[in-house]
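Residue numbers run from 1 in the order of the sequence given. For clarity, every value in this text was computed on a predicted model and none was experimentally measured. Both backbone and side-chain heavy atoms feed into the values below; hydrogens, waters and symmetry mates do not.
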Amino acid sequence: MMNPSSCPTPVTFNAVIRAAGNAAAGNSDKEQVRDYAMENAFFAFDAMYHHPVVHRNSSTYRYMLDMIGAVFPVGEVRGNIAAVMWEKAVQDKVVDVPLFEAMKKVGSEEHGELFDGWWKSTEAKFVEGVNGNGFPIVWGKNKKLRRFDRKMDSY
């Protein structure tokens, strides 16, 4: 049986991802720091998938996109990884406005013909004022369900 007092929360995993992104952004010229940051961020992201209690939320994807923007050089690889993160967030139904803004930041640069076409068609689905946040309701169906509840904080 799992002890609720010692069970990690999304904040636990997201802190690792956010710290990795910040470390990579500040040390972009140091390859070893960049590589360790990338490895730890993807490790935490994968650990959330395999954890029986903790699920990835919109902050998880936002921090991953920030890390991708800091670590990977502009190009097709960065665009493909960002597109997969976005599609996974849509699949998990956790899209919210801050996540959309993070994806816009990564998608604002040219990452190749395939990514640029995909992002333009995806961004076109965002219409300011529609459904209160600008994107289809189904994209964010779980965003409140998976949001970290401060009442569950046991620190």
Side-chain angles (χ1 to χ4, degrees), residues 2-4 6-25 36-72 74-109 111-112 114-155:
M2 199 174 294
N3 182 355
S6 63
C7 183
T9 65
V11 173
T12 309
F13 293 96
N14 289 344
V16 173
I17 297 169
R18 190 176 63 227
N22 290 341
Y36 281 133
M38 185 178 9
E39 180 182 359
N40 286 318
F42 280 105
F43 180 79
F45 184 80
D46 183 59
M48 288 181 89
Y49 177 75
H50 294 290
H51 197 278
V53 176
V54 178
H55 300 286
R56 295 173 295 208
N57 58 21
S58 60
S59 294
T60 305
Y61 289 102
R62 188 175 79 231
Y63 298 143
M64 284 299 291
L65 286 170
D66 290 343
M67 187 274 305
I68 289 165
V71 169
F72 291 95
V74 176
E76 287 186 16
V77 172
R78 177 176 160 179
N80 290 339
I81 294 172
V84 167
M85 283 296 153
W86 176 263
E87 290 297 333
K88 196 68 183 138
V90 169
Q91 183 182 358
D92 284 350
K93 299 178 175 87
V94 294
V95 176
D96 61 2
V97 174
L99 176 59
F100 182 76
E101 294 298 324
M103 185 62 194
K104 253 171 79 170
K105 192 168 114 184
V106 172
S108 65
E109 299 170 274
H111 295 91
L114 187 62
F115 174 84
D116 295 340
W118 169 82
W119 178 240
K120 283 180 182 147
S121 68
T122 302
E123 194 175 24
K125 294 175 185 170
F126 181 83
V127 179
E128 188 109 18
V130 173
N131 301 327
N133 51 25
F135 45 80
I137 291 174
V138 72
W139 285 8
K141 187 177 178 183
N142 292 334
K143 68 182 175 191
K144 287 189 179 177
L145 177 69
R146 293 190 179 182
R147 186 174 292 156
F148 176 68
D149 186 3
R150 293 182 193 278
K151 290 182 250 170
M152 297 299 287
D153 191 10
S154 59
Y155 296 119

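Between N14 and S59, the side chains place no donor N or O within less than 3.5 Å of an acceptor N or O (distance only, hydrogens not considered).
Of the possible donor and acceptor atoms, none in the side chain of D92 sits under 3.5 Å from a partner among the backbone N and O of N57. Under the 3.5 Å distance criterion, the side-chain polar atoms of D46 are left unmatched by any main-chain donor or acceptor of F42.
The shortest heavy-atom contact between M64 and A41 is SD-O, 3.8 Å. The shortest heavy-atom contact between S58 and V94 is CB-O, 2.9 Å. Residues A44 and V16 approach most closely at CB-CG1, 3.9 Å, considering heavy atoms. Across every non-hydrogen atom of V106 and A82, the tightest pair is CG1-CB, 3.7 Å. When all heavy atoms of A37 and A24 are compared, the pair lying nearest together is CB-CB, 3.9 Å. Closest heavy-atom contact between A70 and G21: CB-O, 4.0 Å.
A heavy-atom distance below 4.5 Å is not found between the side chains of M67 and Y63. Two residues are said to be in side-chain contact when any heavy atoms from C-beta on lie closer than 4.5 Å; Y49 and R56 meet this criterion. Considering only heavy atoms from C-beta on, D66 stays 4.5 Å or farther from R18 through its side chain.
Listed by chain and number, the residues in a ring-ring contact (aromatic ring centres under 6.0 Å, His included) with F45 are Y61 (sequence neighbours excluded). Here E109 pairs with R78 under the salt bridge (Lys or Arg N to Asp or Glu O under 4.0 Å) rule; sequence neighbours left out.
Put simply, CD1 on I17 and CZ on R62 are 11.5 Å apart, with the number rounded to the nearest 0.5 Å. Within the model, atoms CE of M48 and OG1 of T12 stand 8.5 Å from one another, a figure rounded to the nearest 0.5 Å. Rounding to the nearest 0.5 angstrom, the gap separating the CD atom in E123 from the CH2 atom in W118 is 10.0 Å. For the atom pair CD1 (I81) and NE2 (H111), the distance works out to 10.0 Å, reported to the nearest 0.5 Å.
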Problem - Worked check of side chain to side chain contact (heavy atoms under 4.5 Å, CB included) between H51 and F13 - result: CA-CA 11 Å; H51 197 278; F13 293 96; 4.0 Å; yes
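Exactly one residue among V95, T122, L99 makes a side chain to side chain contact (heavy atoms under 4.5 Å, CB included) with V90. That residue is V95.
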